[in-house]
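Small disclaimer: the values here were computed from a predicted structure and weren't measured.
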Amino acid sequence: MKRVVVAVAAIFLVQPQIAQEVKNLGKERLLKSPRHSEWMDIKSGQRTIKAFVVYPERNEKTPVVIVIHEIFGLTDWVRGVCDQLAENGVIAIAPDLLSGQTFEDVDGARKAISALPKEQVKADLDAASDYALKIPACDGTLAVCGFCWGGGVTFAYANENPKLKAAYSFYGTAPDEASKVANIPCPVYGLYAENDARVNATIPKAEELMKAAGKKYEPVIYKGASHGFMREGEMPNANEANKKARDDAWARWKTLLKQLP
């Protein structure tokens, strides 16, 4: 967690005017949550990665959702998302894909994540998925979600894990080649911001590829929202478009979670 603290501290130094507003984003929810959460060590080949797990308060077995963090790493906000997922009846597990690394500031975090080998990311997600399916409270149903960088990884990983029952990609870039969607075993649900031309430019090609492959892809673009609206919409100074996009996206997501097998 040291690198997360350092990264957050760097944000405060670079943007002191909003430091107080973002400082505790997600932290208060975690402190007040009645749900059980824990840090776990998971073997991934020769490595050991950290993962944050939150359990719902239910008396029956439930699906598990793998949560892939943003380019800023496994922050309190991402852990808060895990708690919100558990609040809605599923087990959430967020692997720290920067496990074992340190960096001095937020730019260092970005660079560290951008430099992660794709093979290592897949191996770590496979390890987290295998661990998740062995959780005694899991009903054998596995899904994946991700935000920003993690949203792009989510779409890519959907093509690499045949055990997935659903993928939820939040404002992440979409595939651009037939081979990158050919093996997707599940529906992919996209949640995008209107003011995000870089990411949205990848949607039409993905729609074309998914349709040609006979796969289900349902992208929704939220009017007036900006990239990162799921996090931005929680901030005290969030604009109305981002707040509405976050609320509408959560409403859609809750419905989709209830449809998991």
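Between the side chains of T48 and D41, no donor N or O sits under 3.5 Å from an acceptor N or O. A side-chain donor from one of Y157 and S129 sits under 3.5 Å from a side-chain acceptor of the other.
Side-chain contact between R79 and W39 is present, with at least one heavy-atom pair separated by less than 4.5 Å. Side-chain contact between Q84 and K254 is absent, with no heavy atoms from C-beta onward closer than 4.5 Å. Counting heavy atoms from C-beta on, the side chains of Y171 and C148 come closer than 4.5 Å. Counting heavy atoms from C-beta on, the side chains of E57 and P34 come closer than 4.5 Å. You'll find the side chain of L25 reaches within 4.5 Å of the side chain of R231, heavy atoms only. In this structure the side chain of I93 reaches within 4.5 angstrom of the side chain of V64, judged on heavy atoms. With a 4.5 Å cut-off on side-chain heavy atoms, S169 and L191 do not count as touching.
Looking at every heavy atom in both residues, P204 comes nearest to A201 through CD-O, 3.7 Å.
In this structure, S99 contributes its side chain and K50 its backbone to a donor-acceptor pair below 3.5 Å. A donor-acceptor pair under 3.5 Å is absent between the side-chain atoms of K215 and the main chain of P187, judged by distance alone. Formation of a donor-acceptor pair under 3.5 Å by the T202 side chain with backbone atoms of R198 is not found in this model. Formation of a donor-acceptor pair under 3.5 Å by the E194 side chain with backbone atoms of G224 is found in this model. With hydrogens and angles disregarded, a donor-acceptor distance shorter than 3.5 Å links the side chain of R58 to the backbone of G89. Not one N or O on the side chain of N195 forms a donor-acceptor pair closer than 3.5 Å with the backbone of H227. Formation of a donor-acceptor pair under 3.5 Å by the N159 side chain with backbone atoms of N183 is found in this model.
The neighbour count for K43 NZ, taken as heavy atoms of other residues, nucleotides or ligands under 6.0 Å away, is above 12. Heavy-atom neighbours of K180 NZ from other residues, nucleotides or ligands within 6.0 Å: above the threshold of 12.
Scored by the side-chain contact (heavy atoms from CB on, under 4.5 Å) test, A193 finds D196, A225, F229 as partners (sequence neighbours excluded). Shown here are the ring pair (Phe, Tyr, Trp, His ring centres under 6.0 Å) partners of W149, two or more places apart in sequence or in another chain: H69. Applying the ring pair (Phe, Tyr, Trp, His ring centres under 6.0 Å) rule to Y131 yields no partners; only residues at least two apart in sequence or on another chain are considered. Legend: residues meeting ring pair (Phe, Tyr, Trp, His ring centres under 6.0 Å) with Y168, ordered by chain and number and at least two apart, are Y189, W253.
Listed by first and then second residue, the salt bridge (Lys or Arg N to Asp or Glu O under 4.0 Å) pairs involving residues 116-128 are R47-D124, K122-D126 (not counting sequence neighbours). Residue pairs satisfying the ring-ring contact (aromatic ring centres under 6.0 Å, His included) criterion with at least one member in residues 73-98, sequence neighbours excluded, are listed as follows: W77-F147.
We find that E218 and K216 are joined by a salt bridge, their nearest charged nitrogen and carboxylate oxygen being less than 4.0 Å apart.
Tested against T154 for a side-chain contact (heavy atoms from CB on, under 4.5 Å), the candidates I68, I66, V67 yield a single pass: I68.
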